[in-house]
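Order of the sequence lines fixes the chain letters, A, B, ..., with proteins taken first and strands second; residue numbering starts at 1 for each chain. What's counted below: heavy atoms across the whole structure, side chains too, no hydrogens, waters or symmetry copies.
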Amino acid sequence: MNQKFENLQQSFRRWWPFYVMLAPGLLFYLVYHYLPIWEARLAFQDVRIIPPNIWVGTKHFVALASSPVFLQVLMNTIVISAMKLVFIFPVPILVALLLNEVRSANYRKFVQSVIYLPHYLSWVVIAGITVATLSPSDGAVNEVIGLMGFDPIPFMTDTGSIRWVLVFSEMWRSAGWDSLIYFAAIVGISQELYEAAEMDGAGRWQKIWFVTIPGIAPTIATLFILNVGLFLSQGFDQVINLSNDVVRSHIDIVDTYVYRIGLQTGEFALATAAGLFKGVIGMILIISAHTISKRLTGKGVW
Amino acid sequence: MFYKASKTLSAALLAGTFLSGAAIAEPVTIRMVLKDFISTNPNSVAHVERIEAALAEQGHEIDIEIVDLPASGYADALGIMLLSGDLPDLIYFQGGDRKIADQNVLEDWRPWIAETEHLKGALYPHNEARLDNYPYLMHVFPLRAQQPVIRTDWLEATGLSAPATVDEYTALLTAIRDNDLDGDGENNTFGTTAGGSLKELNGYLNPAFGITATWLEDGSGSWIHSQISAQERDKLAYYSQLYAEGLLDPEYITINWEAKEDRFYTGRVGVVSASRPSNVVVYQTKMNTVHPNTTLTLLDPPAGPGGQGLLAVDVSKEGRGWAMSALSENKEAVATLLDFMASPEGQFMEQFGLEGIHHVINGDQVEVLPDLGSWESPFMISASWTPPVELFPAPARQYLQNTQDHFLPDNAFAFPSELAAAVDATTNIYNEWAFKFVSGTASFDQWGEYVEAWKAAGGDSLIDHASQVLQ
């Protein structure tokens, strides 16, 4: 025990500037992510302004589950999350691989800057752009569809299209920015591996397939597992801004539902119950994905 | 002798009262929280300072402390603040108040109002009805209602008079569509639009189709929700006709308020609705930046087969407004403050803004400055005070008059929280099907299917509850 403590002391003396740099981040997580866990007990209470709160057990969870549309809302969340995971997750990897193949540094920087930009736009702005672009009367997309001889498609009011609108608008916003991590991982791959592959006669595709992708596999695995953990937290801002009366029942997710039923009416305990429900599911998914990944690839989050 | 002695005694008592009053005149601090009213806004601070000064002149040493909350997500932030136990003396709610009132921490306004000199006369009829049903929230402002406006030059260009009936209203929309009033060489102007839902059209067309309340009695004497009534079906059929003939903007469902305004100023639609008198002023001002010297005409709600009027007014409670903390130790001071705001001096401050910024006074004359358009009265606009000069242009005054002329109390009531999910679900079902009917993606032969879906989503529970309440 003493030996461990001395090692820790030695480590701190040696690396103290890094510990100091780490401190604000740790403090942030402590205050905003760990202390609130204790307050999650609100999910089991009726909140009273004049204490004490009243313990009501699982009342709020039962209320949530017995709602006539909660099952529909949960299904919407799962379907939209699955679509995003399947169709969006690979895109930043492809973008990073493509960027790595661009030989002109200036051109690569230009492309990077352009594709990072949407990340900085709020969903209010993106929703405005999306609605205008997809407008059946004068939207650019429907103009192109019209030039090809087809009738315009009311994407924003078509229940069959709206989930794809969510997927592609999210992809447009985040693919560039998310490629940053993969690109950094690619840059970290030893050049010697590429030289060795070249000496073995590998072409571009083979270098990508046998050197680059295996080199970033741990990063891919880690981010996939973390994405799985956020499975039930799918874009409140996005859905709120892109929703309308016609398609609400098809894209109403747990977050937006709880916002209407819980927060807007002051039912904070109900909102906390929903948050806790999502958190527990997320935790189960992360542990499951981590365990499976460990068994299959030997790599996980920890 | 007796008279002289009693007079001396009375004078001594009065002097003693004032002296003791002066001796205990410790400044009282009222904490108040209001959206967009923050201590870093110089206009808010200046308004508070002059109110404090005016109250001090009347012998009331009241300090007003502004509690800062972000304007964005105000209702959520307020709810969290209150549930954490921090209750300011005077609280402005924008929803979420019922949950707080249920905990008996909000004061019943009625006995306080009854004791005031000016405030009791400042209430509108809808305020009194709402306070009777829910006495914790007070919002002394003119009624909000959706009312249609059109450019006066366009109305004249159609050669039609202001429509008095639904048929004439349809004829006006048709004339807007067919006469290229924006002069771009194409008949591409829609008659009307709305900002994201049918609520704006419902605001002045519901009574025309007999929808005079949220709950209607069917032929058998049972209560049904207006959303599944025959009157609603007739109204949606009319909207469907407007949609099919290009009189109703087909994108009304996806555009927001700003996009709606833009279409109005740029000539893509002819008629839009205003939800309060200041909207009419804003429309007028913005229209003039694009088309100088253009005036607007407010259209009366058209008469239809079911009657004429504006949407029935929910009097079950105020949707927003001021509440007083029942835990406050300064309730008298709060009542004094609000009574002052309802007085002629307070109303001048409330409605004319700050001197030098929103108005100037030349001798006995008040001159309103253009920036008054950006001034929002924070506390109230009294029903009984008449401004020394007209604050609103004619169409905005007509708007106010119409809200009084067509005031129709609704029979809506608040559902218990156990039915909140059912209300949400049925509203979503209605909204979705309403667009389907209007846009023609659902036939009116499917009306029964819609009603069944509405009932299955919790509508049956709502009807059962309503039957008990309305009995």
Side-chain angles (χ1 to χ4, degrees), chain A residues 39 42 46-51 53-54 59-60 62-70 72-73 124 127-128 130-132 134-139 152 154-159 162 241-250 252 256-271, chain B residues 73 75-76 78-80 82-87 93-105 188 190 196-199 249-256 258-259 268 325 327 417-418 420-436 439 441 456-459 461:
Chain A
E39 297 299 337
L42 282 183
D46 269 348
V47 185
R48 306 295 300 173
I49 291 173
I50 305 169
N53 291 343
I54 301 165
K59 173 186 156 186
H60 299 300
V62 172
L64 205 59
S66 61
S67 156
V69 293
F70 185 72
Q72 173 68 39
V73 168
V124 177
T130 306
V131 170
L134 299 178
S135 163
S137 58
D138 56 3
F155 292 102
M156 296 303 297
T157 55
D158 179 20
T159 51
I162 192 65
N241 283 292
L242 286 170
S243 189
N244 60 58
D245 283 352
V246 189
V247 296
R248 182 160 295 117
S249 62
H250 290 78
D252 201 12
T256 50
Y257 180 70
V258 167
Y259 177 72
R260 284 200 316 278
I261 299 296
L263 291 180
Q264 285 192 325
T265 55
E267 297 277 358
F268 290 98
L270 187 73
Chain B
D76 304 338
L78 178 66
I80 291 166
L82 301 179
L83 286 174
S84 70
D86 182 4
L87 262 76
F93 279 98
Q94 253 194 339
D97 50 285
R98 185 174 287 279
K99 197 73 187 166
I100 307 295
D102 286 346
Q103 300 193 28
N104 299 322
V105 293
N188 55 1
F190 295 111
S197 80
L198 293 169
K199 285 178 188 163
D249 177 3
E251 291 179 52
Y252 79 86
I253 197 80
T254 54
I255 64 171
N256 57 20
E258 288 76 18
R268 291 184 61 193
S325 165
L327 309 178
S417 57
E418 304 90 80
V423 174
D424 182 68
T426 51
T427 304
N428 284 343
I429 293 278
Y430 165 75
N431 287 335
E432 184 176 338
W433 276 90
F435 180 78
K436 286 183 185 173
S439 63
T441 48
S461 311

Residue selection (most heavy-atom pairs with chain A, distance under 4.5 Å) from B:Trp433, B:Tyr430, B:Phe435: B:Phe435
Shortest non-hydrogen contact from A:Phe268 toward B:Leu83: CD1-CD1, 2.7 Å
I'd like to know which of B:Ile80, B:Leu87, B:Asn256 tops the heavy-atom pair count under 4.5 Å against chain A. B:Ile80
B:Gln103 side-chain N/O to A:Val47 backbone N/O, donor-acceptor pair under 3.5 Å: yes
Which portion of A:Pro136 sits near chain B, non-hydrogen atoms under 4.5 angstrom: both
Contact class of A:Ser135 relative to chain B, heavy atoms under 4.5 angstrom: both
Can you tell me how far apart CD1 (A:Ile49) and NZ (B:Lys99) are? Round to the nearest 0.5 Å. 10.5 Å
Nearest 0.5 angstrom please: A:Asp252 CG to B:Asp424 CG, how far? 7.0 Å
Contact origin within A:Tyr259 toward chain B - heavy atom pairs under 4.5 Å: side chain
Under 4.5 Å from a heavy atom of chain A, the part of B:Ala75 involved: neither
Looking only at non-hydrogen atoms, find the nearest pair between A:Ile261 and B:Ala420 and report the distance. CD1-O, 3.9 Å
Side chains of A:Val246 and B:Asn431: closer than 4.5 Å at any heavy-atom pair? no
Measure across A:Tyr257 and B:Ala421 and return the closest heavy-atom pair with its distance rounded to 0.1 Å. OH-CB, 3.4 Å
Salt bridge or not for A:Arg248 and B:Glu432, using N-O below 4.0 Å? no
Just give me the residue among A:Ser66, A:Ser137, A:Ala63 that pairs up with chain B most often, heavy atom to heavy atom, under 4.5 Å. A:Ser137
Do B:Glu251 and A:Met156 come within less than 4.5 Å of each other through their side chains, counting heavy atoms only? no
Positive for side chain to side chain contact (heavy atoms under 4.5 Å, CB included) with A:Asp245, one of B:Ile253, B:Thr427, B:Asn428, B:Thr254: B:Ile253
